[in-house]
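The structure appears right after this line, and notes come after that.
Sequence positions, counted from 1, serve as the residue numbers for this chain.
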Amino acid sequence: MVRVRSLLPSLPPAERRVAQRVIDDPEGVANSTITELAQTCGTSETTVIRFCRAIGFHGYPELRLTLATEAGRAQSAAGGRVIGSDISPDDSLEQIVEKVTFADARAVEETASQLDIKMLEQVVDAVVAADRVDVYGVGASAFVAADFQQKLHRIGRVCSAWADAHIMLTSAAVLKTGDVAIGISHTGATVETIDAMEVARSRGARTVALTNFPKSPIAEVADLILTTAARETTFRSGATASRLAQLTVVDCVFVGVAQRTYGPTRKALEATFEAVRGRTVRPDRRRR
């Protein structure tokens, strides 16, 4: 299911209809013949087979078996309850909390399970070796970029996070070989981020994309690609699960960098802790 959702935007229209049917009703697809699925989607059995191969299966029987297995695991993880991620107007606040936390937890778990460790290692290597790191993101992704910048800055890495389109471009224009540019975009289609990545790449910088869709436009300007696996609730504009999934990957990269530079990192963390230690309210100043 993670793979289907991530490849959905890049599929041809007929295959996309099959993919959407799988996303909307995985259990129904698992219980359908290839002929029934093709008729439901208004396409041919050949298209269904092409879709199966596009997501890494040899044929339809393998897809059905995998969907049935995943449905069983999901129900078991939910304690036998069926918990969707869509928020309806009639949901109670308790149901909203349950659905949001379930979607957030699933986003983190699924992101971790599909994360390419070899690719992650290459990104960590690139950041460790970089003279400078630029992080680009707009909207909700800007907050993730700022979080990553703060983490790297605290351990002594030269890093900047930019959210303004013009500043992103001008910063990318002065990067050079040995620098790293990281673009964060859930959809992978954010024009401002893609343009900055393209400029950074033209200047010789190593480019890294963090996106939910590995075949999205941002992948075309990225040397390395890290993917998340987030399913948003009805209120997609809130960027809830996607933000947590992005933060999970950012944390993995940060801890990987910190581990590789263990000695200097410990010293930097101690120095920065000491610098702000006196900025907390003393017990005798607290209100009674």
Side-chain angles (χ1 to χ4, degrees), residues 1-11 16 19-20 22-24 26 55 70 74 77-78 83-88 91 96-116 119-120 123 135-151 161-163 165 168 181-194 196-197 207-222 224-255:
M1 292 300 295
V2 171
R3 195 180 313 155
V4 173
R5 287 193 301 271
S6 68
L7 295 176
L8 178 65
S10 63
L11 294 171
R16 197 179 306 154
Q20 192 61 59
V22 170
I23 292 171
D24 293 341
I55 62 172
E70 285 198 3
I83 302 177
S85 60
D86 284 337
I87 308 297
S88 72
D91 282 343
I96 290 173
V97 170
E98 185 177 37
K99 288 183 177 182
V100 169
T101 54
F102 179 76
D104 288 352
R106 290 285 290 172
V108 172
E109 291 170 0
E110 291 179 351
T111 292
S113 67
Q114 61 80 54
L115 194 59
D116 187 330
M119 185 69 70
L120 176 64
V123 173
V135 191
Y136 310 128
V138 300
S141 294
F143 297 108
V144 180
D147 178 78
F148 194 26
Q149 185 273 336
Q150 187 270 340
K151 284 181 167 66
W162 307 112
M168 287 160 63
I182 301 174
I184 302 175
S185 171
H186 174 74
T187 63
T190 307
V191 174
E192 294 85 351
T193 305
I194 294 171
M197 291 273 283
T207 53
V208 180
L210 174 54
T211 180
N212 208 70
F213 304 100
K215 292 190 177 181
S216 57
I218 199 172
E220 299 175 9
V221 294
L224 302 170
I225 303 171
L226 294 173
T227 55
T228 56
R231 288 175 286 177
E232 289 294 354
T233 63
T234 306
F235 302 100
R236 166 64 189 93
S237 60
T240 53
S242 62
R243 187 189 70 251
L244 291 176
Q246 290 171 347
L247 288 169
T248 298
V249 178
V250 162
D251 284 350
C252 289
V253 175
F254 167 71
V255 174

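In terms of heavy atoms, A107 sits closest to T111 at O-OG1, 2.7 Å. Contact record, P214 with I225: O-CD1, 4.0 Å, taken as the closest heavy-atom pair. Nearest heavy-atom pair, Q20 versus L8, reported as atom, atom and distance to 0.1 Å: OE1-CD2, 3.5 Å. Scanning both residues, V2 and A229, for their nearest heavy atoms gives CG1-CB, 3.4 Å. Heavy atoms only, all atoms of each residue included: R16 and L11 are closest at NH2-O, 2.8 Å. Heavy-atom minimum distance, S242 versus A230: CA-CB, 3.5 Å.
T207 pairs by the side chain to side chain donor-acceptor pair (under 3.5 Å) definition with D223, not counting sequence neighbours. For A145, the side-chain contact (heavy atoms from CB on, under 4.5 Å) partners two or more places apart in sequence, or in a different chain, are V135, A161, I184. Scored by the salt bridge (charged side-chain N to carboxylate O under 4.0 Å, His left out) test, R5 finds E110 as partners (sequence neighbours excluded). Partners of T190 according to the side-chain contact (heavy atoms from CB on, under 4.5 Å) rule, which considers only residues two or more places apart in sequence or in another chain, are V138, S185, T187, E192, T193. Partners of I194 under the side-chain contact (heavy atoms from CB on, under 4.5 Å) rule, at least two apart in sequence or in another chain, are P217, I218, V221. For the side chain to side chain donor-acceptor pair (under 3.5 Å) test, no residue two or more places apart in sequence or in another chain qualifies with D116. When the side chain to side chain donor-acceptor pair (under 3.5 Å) test is applied to S141, no partner is found at least two apart in sequence or on another chain. Applying the ring-ring contact (aromatic ring centres under 6.0 Å, His included) test to F213 and every residue at least two apart in sequence or in another chain returns H186. Under the salt bridge (charged side-chain N to carboxylate O under 4.0 Å, His left out) criterion, D104 pairs with no residue, sequence neighbours left out. Residues satisfying the side-chain contact (heavy atoms from CB on, under 4.5 Å) test with S10, not counting sequence neighbours, are L7, K215. Under the side chain to side chain donor-acceptor pair (under 3.5 Å) criterion, E109 pairs with no residue at all, not counting sequence neighbours.
Remark: Q149 CD to F254 CZ distance equals 12.0 Å, nearest 0.5 Å. For the atom pair OG1 of T101 and CD1 of I96, the computed distance is 11.5 Å after rounding to the nearest 0.5 Å.
Looking at heavy atoms from C-beta onward, Y136 lies out of side-chain contact with I182 at the 4.5 angstrom threshold. You'll find the side chain of V144 reaches within 4.5 Å of the side chain of V250, heavy atoms only. Within the 4.5 Å cutoff, the side chain of N212 has no heavy atoms near those of the T227 side chain. Using a 4.5 Å heavy-atom cutoff, the side chains of V22 and M1 are in contact. Under the 4.5 Å side-chain criterion, counting only non-hydrogen atoms from C-beta, T228 is not in contact with T211.
Sequence neighbours left out, the pairs with a member in residues 137-151 that pass salt bridge (Lys or Arg N to Asp or Glu O under 4.0 Å) are D147-K151, K151-D251.
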